[in-house]
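Read the structure below first, then the notes.
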Amino acid sequence: MKTQAIGDLAQWVGRSVELQGWVMARRSSKDLVFLVMRDGSGLCQCVADRSTLGDAMYNEAEALTQESAFYCRGEVVADPRQIGGHEVRLSEIRTLHLSKDYPITPKEHGVDFLMDHRHLWLRSKRQWAIMRIRNTLIMAIHRFFQDRGFVQMDAPIFTDNACEGTSTLFATDFYGHPAYLSQSGQLYGEAMAMAMGKIYTFGPTFRAEKSKTRRHLSEFWMIEPEMAFCDLRQNMDLIEEFLRDVVSAVLERNRLELELIERPIEPLQKVTQPFVRIPYEEAVQIIRGERLVNGQSALDVLRDDLAQVRRSIEETRVEINEREAKLAQPSLKKGEIGHHQSQLQAARQRLDTAEEQERNLPQWISSASSFEAGNDFGGSDETVLTRLFETPIMVYNWPHEVKAFYMKRDENDPRWAKGVDVLAPEGYGEIVGGGERETNLEWLVSKIHEHELPMEAFEWYLDLRRYGSVPHSGFGLGLERLVAWVCKLPHVRETIPFPRMYGRIAP
RNA sequence: UCCUCGGUAGCUCAGUUGGUUAGAGCACUUGACUGUUAAUCAGGGGGUCGUUGGUUCGAGCCCAACCCGGGGAGCCA
């Protein structure tokens with residue numbers, strides 16, 4: 001007989017099921033053992049009762065340790081207090097594999113320790129929920145494009161040059177010739193779009209920058225659609241429809257997961273509203289505090305943040321003192337000591353974070369107020385901007401100097417390139433970069449010279465402008481940044497099963 | 001590459017102006033208790049204080065260099 005999935009238990013209430021999985025947690029009493037089983041599809045408390053199981057099987061249940069594998073059979077009982085809403089009263093249990101000293105305990109762990117045990121960390125609740133949301137996004141992305149007649153294509157990973165000339169790439173050896181891991185499939189996407197009309201790539205991307213921030217990975221997954229006969233406006237319309245669609249898919253399919261990671265859903269629901277679209281020039285004025293948004297100045301928002309941070313530092317310090325005083329009292333029970341200690345450590349961590357913000361915010365305020373038109377936005381400038389709006393923000397018409405060589409110049413005002421960056425709300429910043437591509441052969445050639453790129457490497461690309469050059473546009477979405485925003489994670493490293501980043505190649 | 005914070009038990013962290021045998025909780029283990037939900041009670045084992053060198057009668061603590069990690073800048077999705 002086939003075993004059931006915990007995720008399907010709702011259909012089995014009142015009946016007997018067989019389950020196979022792992023022990024997530026165990027609590028034992030004299031004649032009762034509570035085992036929380038996880039099987040990948042969900043969580044379920046299994047209750048072992050000595051009187052129904054008999055001594056032999058009961059002792060087996062009692063001996064199970066964290067992350068041991070076991071089989072069981074029992075009746076499903078609906079119980080809203082339990083995680084998943086059900087529990088199973090065991091009539092049979094069998095150990096499949098006994099674990100010894102599982103490294104990840106129910107206590108808090110540091111990031112470094114967890115990253116070193118990433119292969120096991122993936123089993124924990126939070127990571128389980130994040131990976132399922134990532135899966136929903138991946139499937140929703142494919143479905144969105146497939147439903148609209150896009151053809152999925154795979155761009156090459158080995159490339160013979162730094163195709164945009166900007167990023168630092170990973171060098172490798174290709175039969176004795178230097179080669180680089182792809183930083184973008186975009187140029188190949190353009191070629192394919194001229195063959196298929198509408199395409200998208202979905203593949204790994206490599207950047208060798210030694211970035212140590214919460215939004216950078218050395219290896220990440222990028223989705224890059226490219227459409228023939230498409231201008232910047234149509235491109236932006238598509239981006240908006242696309243993000244609305246994939247975020248809605250998560251809201252429809254992953255309520256349990258969002259709840260588990262305590263992600264408030266109201267900000268995500270705002271994607272149904274029209275996205276804010278502002279030209280670069282206007283965005284600069286907003287960042288500098290020269291232009292108000294709904295009566296709010298960006299600089300005031302930052303100053304309020306700073307005041308708030310300082311207040312919370314004061315409060316946390318008071319709390320820490322109080323808890324230290326409590327801990328210093330004699331004759332505390334062990335449980336009380338543990339409680340105060342963990343609360344104290346949590347407070348100290350909050351204090352560290354707040355103090356770091358206190359150091360950063362003044363720099364961000366000064367960098368925002370003195371922002372020089374013509375530059376690209378920094379991470380903090382993006383954060384400032386997103387704090388003023390509730391929907392994703394599309395910033396378009398960028399100074400052509402800061403954008404890639406293939407970006408189309410605005411016919412009416414050649415200062416601007418017809419690029420668009422999409423900033424995710426709640427401080428997340430850039431998740432999409434895209435734009436309309438240059439179609440004019442002469443302009444393109446002069447741009448390649450201007451960027452000091454090797455012309456011969458782009459001959460094939462220039463062919464696209466020699467034979468049937470048409471308006472076309474596309475964009476690139478960073479999957480991990482999207483997952484980070486949707487899950488409201490502090491760092492992209494938790495959005496991918498095995499992150500590759502500066503200083504991290506294993507496991 | 002630069003700025004900044006950090007490295008003490010398996011894990012999370014205390015450790016006062018440098019002072020004798022370096023602590024707590026969790027985890028593990030033993031026993032008691034209990035329809036329990038990371039924190040019921042009592043006992044037990046567990047340490048080359050990141051590395052190297054220096055100052056000192058004496059260094060977890062001070063100094064220097066280096067290694068590793070967190071965050072930020074730059075760069076980007």
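Proteins come first, then strands; the chains are lettered A, B, ... in the order of their sequence lines, and each starts at number 1. Both backbone and side-chain heavy atoms feed into the values below; hydrogens, waters and symmetry mates do not.
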Check nucleotides 13-16 of chain B for protein N or O atoms closer than 3.5 Å to its own N or O atoms and list the pairs.
residue	atom	partner	partner atom	Å
B/rC13	OP1	A/Gln349	NE2	3.0
B/rC13	O2'	A/Gln345	NE2	3.2

Between [atom2] on [N] and [atom1] on [X], what's the gap in Å once rounded to a whole number?
| X | N | atom1 | atom2 | result |
| --- | --- | --- | --- | --- |
| A/Lys212 | B/rG69 | NZ | C1' | 6 Å |
| A/Arg493 | B/rG70 | CZ | P | 6 Å |
| A/Arg214 | B/rA73 | CZ | C1' | 14 Å |
| A/Arg215 | B/rC76 | CZ | P | 12 Å |
| A/Lys403 | B/rA77 | NZ | P | 7 Å |
| A/Leu361 | B/rA73 | CG | P | 11 Å |
| A/Asp112 | B/rC67 | CG | P | 17 Å |
| A/Tyr502 | B/rC76 | OH | C1' | 17 Å |

field: For RNA chain B, the dot-bracket pattern of Watson-Crick and G-U pairs whose distances stay under 3.5 Å, | for other-strand partners
entry: (((((((..((((.....[...)))).(((((.......))))).....(((((..]....))))))))))))....

field: Results of salt bridge (charged side-chain N to carboxylate O under 4.0 Å, His left out) for A/Glu401 - residues two or more places apart only
entry: none

message: Going by the rule salt bridge (charged side-chain N to carboxylate O under 4.0 Å, His left out), which residues pair with A/Asp305 if we only count those two or more places apart in sequence or in a different chain?
response: A/Arg387

task: Identify the two heavy atoms, one from A/Arg118 and one from A/Phe498, that lie closest to each other, and give their separation to 0.1 Å.
output: CG-CD2, 3.9 Å

message: I need the residues from residues 476-489 of chain A with at least one non-hydrogen atom less than 4.0 Å from RNA chain B; give them sorted by number, or say none.
response: A/Gly476, A/Arg481

query: With distance as the sole criterion, do the side chain of A/His216 and the base of B/rC76 form a donor-acceptor contact below 3.5 Å?
result: yes

Does [X] have any side chain to side chain contact (heavy atoms under 4.5 Å, CB included) partners at least two apart in sequence or in another chain, and if so, which?
| X | value |
| --- | --- |
| A/Glu67 | A/Trp22, A/Arg38, A/Ser99, A/Tyr102, A/Arg123 |
| A/Leu98 | A/Leu64, A/Thr65, A/Ser68, A/Thr95 |
| A/Arg317 | A/Ile313, A/Glu314, A/Leu351, A/Glu355 |
| A/Val402 | A/Asp376, A/Trp398, A/Pro399 |

Pairs involving residues 487-506 of chain A, ordered by first then second residue, that meet salt bridge (charged side-chain N to carboxylate O under 4.0 Å, His left out) (sequence neighbours left out): A/Asp112-A/Arg504, A/Asp116-A/Arg504, A/Arg126-A/Glu494, A/Glu426-A/Lys488

Do any N or O atoms of the protein come closer than 3.5 Å to N or O atoms of nucleotides 43-47 of chain B, and which pairs are they?
none

Where do N or O atoms of nucleotides 4-10 of chain B meet protein N or O atoms at under 3.5 Å, pair by pair?
none

